[in-house]
**Student:** 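After the structure tokens below, expect a handful of questions from me.
In what follows, chains carry the letters A, B, and so on, assigned in the order in which the sequence lines appear, proteins first and then strands, with residues in each chain numbered from 1.
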Protein chains: 2
Amino acid sequence: MAGIKDVAAAAGLSVATVSRVLNGHPSVSEDARTRVTAAVEGLGYRPNALARSLRTDQTRTLGLVISDVLNPYFTELARSVEEEARALGYSVVIGNANERPELQDHHVRTLLDRRIDGLLVSPADGSSPLMRQTAEGPTPMVFVDRWMPGLDVPVVRADGTGAVRDLVAHLHGLGHRRLAIIAGPAATTTGHERVEAFREALHAYGIPLPAELVGQGDFQADSGRRVTEGFLALPEPPDVVFAADNLMALGALDAIRARGLAVPDDIGLAAFDDIPWFVHTGPPITAIAQPTAELGRAAVHALTDLIEGRPPQSVTLPARLVVRRSCGEPATTAPDPRDPRSQL
Amino acid sequence: MAGIKDVAAAAGLSVATVSRVLNGHPSVSEDARTRVTAAVEGLGYRPNALARSLRTDQTRTLGLVISDVLNPYFTELARSVEEEARALGYSVVIGNANERPELQDHHVRTLLDRRIDGLLVSPADGSSPLMRQTAEGPTPMVFVDRWMPGLDVPVVRADGTGAVRDLVAHLHGLGHRRLAIIAGPAATTTGHERVEAFREALHAYGIPLPAELVGQGDFQADSGRRVTEGFLALPEPPDVVFAADNLMALGALDAIRARGLAVPDDIGLAAFDDIPWFVHTGPPITAIAQPTAELGRAAVHALTDLIEGRPPQSVTLPARLVVRRSCGEPATTAPDPRDPRSQL
DNA sequence: CTGAAAGCGCTTACAG
DNA sequence: CTGAAAGCGCTTACAG
């Protein structure tokens with residue numbers, strides 16, 4: 001592969017001058033510029049990014065560690081992050097933790113070794129020492145979606161409290177009283193926050209949330225399946241199951257179907273996270289939608305602000321309830337028109 | 001950040017010796033090894049991967065350029081690639097082309113600039129000069145899923161011909177005669193191969209495939225929506241629509257639903273690519289499943305073989321038909337038991 | 001077994 | 001405006 005020396009030789013100039021035109025430095029003669037450009041063209045020269053980064057101490061690269069690539073929510077987040085980063089002149093390299101803390105740490109380490117300029121993380125657990133240490137280290141970092149309390153790290157996330165309250169109101173209005181939840185790992189913020197929001201919303205209606213109706217999942221489909229089987233085996237199964245993410249909802253659907261039961265007649269189902277398929281399931285699934293693309297953009301901005309020395313902005317955006325038919329309401333019944341968050 | 005010099009100073013040794021223990025070189029005394037290890041530990045030292053790669057001319061990194069991160073097929077492929085690569089000691093950085101040739105080229109360039117050891121690509125078009133040039137360049141490359149003919153590059157892909165034939169047999173058996181397809185871009189191999197396979201299979205039954213029943217999509221949901229609207233507006237709409245990937249099937253479903261029609265009563269639907277949601281749509285969707293994870297593993301092996309100087313292996317694996325109810329067959333009707341590829 | 005030194009491909013003060 | 005030189009953080013013959 002041609003190096004900068006080859007270009008210099010071909011252009012009859014020093015590597016310093018070549019470097020200057022490559023980097024758009026103003027003090028270069030028009031003549032030098034054209035000769036270098038021609039040489040670059042002729043040789044098909046491309047600067048070695050490793051060497052450049054080693055020298056300049058910046059990679060123009062962002063690291064993004066997501067919890068699960070198979071989750072459409074994170075995939076949409078990743079896409080939004082990549083687009084915004086590209087628009088700002090950064091590329092992004094993605095690490096998939098697959099909801100496994102040790103894999104998450106592996107990716108964080110690899111990314112740091114590559115000297116990425118900044119790190120975007122949706123932590124897979126609440127207590128990774130590596131993450132603490134990284135937060136205190138020199139590499140700028142921001143949390144997206146999930147976060148770890150007690151660290152001086154900007155957080156960009158959605159607040160589902162209002163939407164969960166709307167969901168419970170909707171369920172209560174349909175006459176459901178025995179409501180269950182498939183929770184994510186308690187070690188993650190989204191894992192426990194969603195349960196707490198649900199519990200509080202139920203409390204407002206005087207409905208308890210007994211331990212038997214809180215299933216411990218891990219945000220992946222299998223756990224949704226397993227937990228739902230448990231619910232269905234209960235002497236008194238729940239009227240509705242609320243899955244804390246879309247993959248566990250998929251698992252729940254598998255389990256319900258395997259038992260030969262139907263949604264919503266035998267049991268209702270709702271999910272946190274909205275995905276395009278929820279429109280076409282039998283029946284369409286009531287879900288809580290996050291402003292995913294917006295979160296991705298805000299996260300990139302917070303991170304690049306940090307990198308470039310501007311004050312970063314933590315952002316919390318509201319999630320909203322999307323009522324469909326999986327909890328029993330007919331599609332044609334309009335939701336309460338006074339509530340702007342409750343839309344079809 | 002601590003560098004190798006700091007470690008050397010802390011250990012009272014030269015950087016050369018530190019480097020040797022870091023790289024597991026045999027000629028190091030036990031004493032040196034323990035002192036270095038202690039110093040590394042104490043300083044929290046991590047080698048700078050950029051500097052190491054610059055020196056050794058290898059990054060232990062694979063580049064993967066996929067056509068669309070929002071497509072669960074590619075997401076599953078990416079996951080499989082990453083896992084296999086990790087097992088072999090490589091990390092992978094993903095570029096998402098979003099079905100846009102210029103974005104694909106952007107990612108290929110960026111990846112090459114970073115001096116990845118090898119490139120895995122599912123080309124978004126059939127004629128990128130960059131891709132040709134890269135194939136002839138020094139960086140090992142293999143095509144996954146899609147490929148470009150005429151290049152000396154190993155190809156790892158699925159062959160859907162048999163499955164498409166099974167699909168047509170299934171449709172013909174149900175009495176359907178007017179069959180349409182939503183094709184991918186003709187510039188991609190999977191874009192035209194699937195149409196040709198479909199056309200030939202129809203031909204065997206004496207069924208023509210007129211131009212009006214071949215819709216031009218781009219593998220993304222919107223195009224599926226648009227093409228399907230066109231089909232439905234035909235004086236004589238098709239009995240069944242076959243979408244050449246799962247995202248266009250999603251779009252088709254949107255369009256059918258928007259028209260107030262029902263699957264399969266008003267129109268049948270089948271898709272290339274099988275995804276977990278197809279089990280739960282109303283009705284469950286008949287699809288052609290690829291051995292995705294296996295393809296990912298085979299691709300990584302072909303690429304690492306190339307990188308490490310072993311002869312690489314091109315691989316073609318058969319896809320298989322998964323009959324569900326979206327074309328009219330009741331779930332309880334068993335498929336032909338003599339055909340092992342036709343499974344529920 | 002260990003260290004001094006060269007060099008990977010760049011960028012950037014510094015001097016002219 | 002241009003070039004010679006130092007240096008980013010490593011690895012690796014080479015010599016001892």
**Student:** Check this for me: does any side-chain nitrogen of one of R146(B) and E99(B) sit under 4.0 Å from a carboxylate oxygen of the other?
**Tutor:** yes
**Student:** I want to check something: taking the side chain as every heavy atom from C-beta on, are F143(A) and P123(A) in contact at a cut-off of under 4.5 Å?
**Tutor:** yes
**Student:** Are T61(B) and R115(B) linked by a side-chain donor-acceptor pair shorter than 3.5 Å?
**Tutor:** no
**Student:** For H301(B) and E84(B), test the side chains for any donor-to-acceptor distance below 3.5 angstrom and give the result as yes or no.
**Tutor:**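 There is such a pair between these side chains.
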**Student:** What interatomic distance, in whole Å, is found between C1' of dG16(D) and the corresponding atom of dT12(D)?
**Tutor:** 16 Å
**Student:** With Y73(A) as reference, evaluate D145(A), T292(A), D245(A) under the side chain to side chain donor-acceptor pair (under 3.5 Å) test and give the passing residue.
**Tutor:** D145(A)
**Student:** Separation of H25(A) atom NE2 from dC1(D) atom C1', in whole Å?
**Tutor:** 9 Å
**Student:** Using a strict 4.0 Å threshold on nitrogen-to-oxygen distance, state whether R35(A) and D31(A) make a salt bridge.
**Tutor:** yes
**Student:** Taking OP1 and OP2 of dT2(D), is either one under 4.0 Å from a side-chain nitrogen or oxygen of S27(A)?
**Tutor:** no
**Student:** Starting at the 5' end of nucleotides 7-16 of chain C, put B wherever the base has a protein heavy atom under 4.0 Å, S where only the sugar-phosphate does, and a dash everywhere else.
**Tutor:** BBBBBBB---
**Student:** Please name the nucleotide paired to dA15(D) by Watson-Crick or G-U wobble geometry with both distances under 3.5 Å, or report none.
**Tutor:** dT2(C)
